[in-house]
Structure formats: C-alpha cells, structure tokens
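Counting starts at 1 for both ligands and their atoms, in listed order.
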Amino acid sequence: MKKPIAILANWKSNKTIKEAEEWVKEVSNFQFPIFNFIRVILCPPFISLPTLKRLILKYKLPVKLGSQDVSPFENGPYTGEISARMLKDLADYVIIGHSERRKYFGETDKMVVQKVKLAVKYGLIPVVCISNLKQVDYLTKDEEVRTTSLLILYEPLFAIGSGQPDTPGNANKMAFKIKGVLGKETKVLYGGSINPKNVASFLSQPEVFGVGVGGASLDPQEFLKIIENALKI
Ligand code: PGA
C-alpha cells in the first residue's frame, strides 16, 4: 500500500475570484485517478473560498479547502478579522503562522497558539508553519496545543520563493526532530521551492508526510504535474 501523503497549495495573495474559477475549471479537465492516499489541500485567499467550495462540489474534485490564516480572536470588535467560526463552513484546514505573516504582520508564537486553539474549537485542522525548532518548542508550552494532532509545515526561510529548496535529507531530519518534540503521530510537511521536478524526492522521504507548494501551485498545469509526479512514488 502506498503511504498517505498531502499536497497543500498556498496561493498566498494571488488570484482574483475569476482567476480562481479559471484555475479550478482547468484542473477539472484532468482525469484524476482514484487516489485516496493523496490529500490535496487548496488554500486560496479568503474571498475565493465560497466560489471554490461550490465548484469543487460541482466538478466532484478530490480537493479539500483551507484558509491561509484565521483570527486569534473569537467574534467581536476586531475590524477586518475572519474568525474560525466564520470559516468552519467553508474550509477544513487553516494555515497558521506562515513565515510571511510572522515577518510582515507581526504574528507571534503566542498568536499562533491562540489561533490553533480557536481553529480546533471550530473543527478546523491547523497546519502550523514553522521555520525552526524553537517555534515547535513553543507549541508544547500549551497543554491543549501539545495534545492536539497537528499538521506541521516546515519551511526554512531561505527556501521560500527562492528556487533553492532544502535538501530532501535535511527535510527528513527536521521532520524526525519535530516528531521527537510533538509526538510520533504528528504529520510533517516540507515547503519551500517545491516544483514538479523535486516533489518526488521530498515525498519519498520516510518522515515527510507531504509538501507545501507556493509559486508552483499558481499555474494549474504545473500543479497538476506535481500531483502526477507524486502519484508515481
Ligand atoms: P514557494 O512557497 O513554494 O513559492 O517557495 C512555499 C510557501 O511559502 O508555502
């Protein structure tokens, strides 16, 4: 039996609703083989979630939706924030603590923990992004977070958007260390300059459960090639 794997597409701040629709229409022409061992998670900007949810159902695509962020607060006077309660009908997953949010929007480890708790409260699966082990250690400070089954997306800063991925061997070692801290059942994904050519080398690492794909997920054909190559391992 093939090992289960996950491929997470993070569109970041790209694509209008119309462009998102076009992407999904193009992807729907692809004859997806029966693959219940690959989980494809598409994370568009918030505003495209309702449209994509409708189209995924319409085309019966084997794709789950995730958001790229969630508010650290419940509902209330927090202008501009999208809460976990608002998201639960639109997405199954939520990316939390991406390094771009930490760098450009001042997101702290403490906020990451608050977000994880609210995501779990409303039935969303958190995909927590980390770039070093200190960020993993911080997660263990909170009893509830420590005992939650998390998906961890390991993304070294130098590898994001640079065309210079980490080595598959290093990604495997880091996944092993993360599991050492958070528990063997933790699922660890690697992200940073994943493309159709290198995806298989990461997915074939024993400790690596999946990959996070940024830039290479924007073009539907390139993303489909990533899935096709993942299917071959
Ligand atoms: P990249 O982005 O694939 O464009 O390097 C990865 C990410 O930040 O999730």
Side-chain angles (χ1 to χ4, degrees), residues 5-15 19-20 23 27 38-46 48-49 52 63-70 91-107 109 111-112 115-116 119 124-133 135-136 139 150-172 174-175 178 186-205 208-230:
I5 52 179
I7 299 177
L8 176 140
N10 175 7
W11 283 355
K12 308 190 179 184
S13 191
N14 290 293
K15 293 195 190 294
E19 288 161 352
W23 186 98
V27 166
I38 298 192
R39 214 185 293 175
V40 178
I41 306 162
L42 175 59
C43 303
F46 288 126
S48 290
L49 283 169
L52 289 177
V63 173
K64 298 280 185 196
L65 285 173
S67 66
Q68 297 173 16
D69 188 26
V70 65
D92 292 310
Y93 293 82
V94 51
I95 298 175
I96 295 175
H98 191 283
S99 60
E100 286 152 9
R101 295 216 55 85
R102 295 179 193 254
K103 179 174 169 195
Y104 299 117
F105 305 99
E107 194 156 314
D109 285 331
M111 284 160 82
V112 168
K115 290 179 179 201
V116 170
L124 296 159
I125 302 172
V127 182
V128 180
C129 300
I130 60 99
S131 48
N132 59 58
L133 283 173
Q135 291 167 345
V136 181
L139 295 172
L150 297 172
L151 261 66
I152 299 288
L153 175 51
Y154 162 58
E155 302 197 305
L157 299 181
F158 66 82
I160 298 177
S162 65
Q164 307 286 327
D166 203 344
T167 63
N170 273 348
N172 195 56
M174 191 67 177
I178 293 168
T186 309
K187 294 184 164 61
V188 183
L189 290 76
Y190 165 80
S193 298
I194 287 289
N195 61 37
K197 285 204 180 105
N198 64 22
V199 65
S201 62
F202 285 94
L203 288 175
S204 49
Q205 298 297 316
V208 175
F209 172 70
V211 287
V213 190
S217 70
L218 294 174
D219 175 65
Q221 291 308 326
E222 201 175 356
F223 187 62
L224 287 172
K225 272 198 206 107
I226 287 178
I227 296 181
E228 278 183 304
N229 290 344

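- Using cut-offs of 30° and 60° for the angle between ring planes, the Trp11 and Trp23 rings count as perpendicular.
- Note that NZ of Lys103 is 8.0 Å distant from CG of Leu157, once rounded to the nearest 0.5 Å.
- Residues with a heavy atom under 4.0 Å from ligand 1: Asn10, Lys12, His98, Glu155, Ala159, Ile160, Gly161, Gly192, Ser193, Val213, Gly214, Gly215.
- Between Pro165 and Ala159, the shortest heavy-atom distance links the atoms CA-CB, 4.0 Å.
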* To do: Output, in order, the C-alpha distance, side-chain angles, deciding distance and verdict of side chain to side chain contact (heavy atoms under 4.5 Å, CB included) for Lys115 and Asp69.
  => CA-CA 9 Å; Lys115 290 179 179 201; Asp69 188 26; 2.7 Å; yes
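- At least one side-chain heavy atom of Leu65 sits under 4.5 Å from a side-chain heavy atom of Pro44.
- Rounding to the nearest 0.5 Å gives a distance of 12.0 Å between CE of Met174 and CD of Glu155.
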